[in-house]
Amino acid sequence: QQQVKQSPQSLIVQKGGISIINCAYENTAFDYFPWYQQFPGKGPALLIAIRPDVSEKKEGRFTISFNKSAKQFSLHIMDSQPGDSATYFCAANGDSGYALNFGKGTSLLVTP
Amino acid sequence: EPEVTQTPSHQVTQMGQEVILRCVPISNHLYFYWYRQILGQKVEFLVSFYNNEISEKSEIFDDQFSVERPDGSNFTLKIRSTKLEDSAMYFCASSSRDRGLSTNEKLFFGSGTQLSVL
């Protein structure tokens, strides 16, 4: 059973454009929604995270939008740069569990 | 920034052999985890560990797997009799908290050990 569904699988964006990655979840007990960035040969690194008491969180060029009623959240990367090219994973966790449930990942390529 | 250190970076083993993957979590962290990532697939939770015992484990973490904190700094994952399908990148992670992670608290991942079972 896939707890967190992520789309698209891959994304190509021109430099300066907006990258948007979407995730949906089923478990209403989830209350922590992080996004991780992974470069080849490296472990995932926390990029930004949100709790469902807010609908949006912004850190620099990265914004999470959260829709609790739709059980969806998305990552927006503004002014995308070639250095943003990486795999992005959404994840979810609830107070009843220790595990982070990851989406399948989105491979982002930002072209010059 | 503090780092989680994993050794070795690559491990090749024969099917049926035992392997031990090693991790040094961040020094003041108390919660430790193993995740794995099969090539091209999502990161999957294996096990969490706190206060010298397993807190939670997934269906993947069967009797072939065990974890140990043999001293004050190392955290190990042992696979007793490796199978072909155990081939994956294994990530160790640590945090200062487990459940109820705030948006300002991080789960730090190591760079992983690529395990290849032949």
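Labels below follow one simple rule: chain letters A, B, ... track the order of the sequence lines, proteins then strands, and each chain is numbered from 1.
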For the student: nearest non-hydrogen atoms of B:Ser111 and A:Lys42, plus distance
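Looking at all heavy atoms of both residues, the shortest contact is OG-CD, 4.0 Å.
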
Over all heavy atoms of both residues, which pair between A:Gln38 and B:Phe91 is shortest? Give the atoms and the distance, please.
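Looking at all heavy atoms of both residues, the shortest contact is NE2-CZ, 3.4 Å.
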
Top contributor to chain B contacts, counting heavy-atom pairs under 4.5 Å, from A:Gly43, A:Gly105, A:Pro44:
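Most heavy-atom pairs under 4.5 Å with chain B: A:Pro44.
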
Transitively linked via ILVMFWY side-chain contacts under 4.5 Å: [X] with [Y]?
| X | Y | value |
| --- | --- | --- |
| B:Leu107 | B:Met89 | yes |
| A:Phe102 | B:Val47 | no |
| A:Ile20 | A:Ile77 | no |
| B:Tyr31 | B:Val24 | no |

Counting neighbours of NZ on B:Lys83 that are heavy atoms of other residues, nucleotides or ligands and sit closer than 6.0 Å, is the number greater than 12?
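Yes, NZ of B:Lys83 has more than 12 neighbouring heavy atoms, counting only those of other groups under 6.0 Å.
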
A:Lys71, NZ: over 12 other non-hydrogen atoms inside 6.0 angstrom
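Result for NZ/A:Lys71: enclosed.
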
Taking atom CD of A:Gln3 and atom CZ of B:Phe45, what is their separation to the nearest 0.5 Å?
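Output value for this atom pair is 12.0 Å.
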
A side-chain contact here means heavy atoms from C-beta on lying under 4.5 Å apart; do A:Gln6 and B:Lys42 qualify?
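No. Closest side-chain heavy atoms not under 4.5 Å.
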
With a 3.5 Å distance limit and no angle check, can you tell me whether B:Tyr35 reaches the backbone of A:Leu100 through a side-chain donor-acceptor pair?
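It does hold such a pair.
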
Under a 4.5 Å heavy-atom cut-off, does chain A meet the side chain of B:Gln37, its backbone, both or neither?
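Just its side chain gets close to chain A.
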
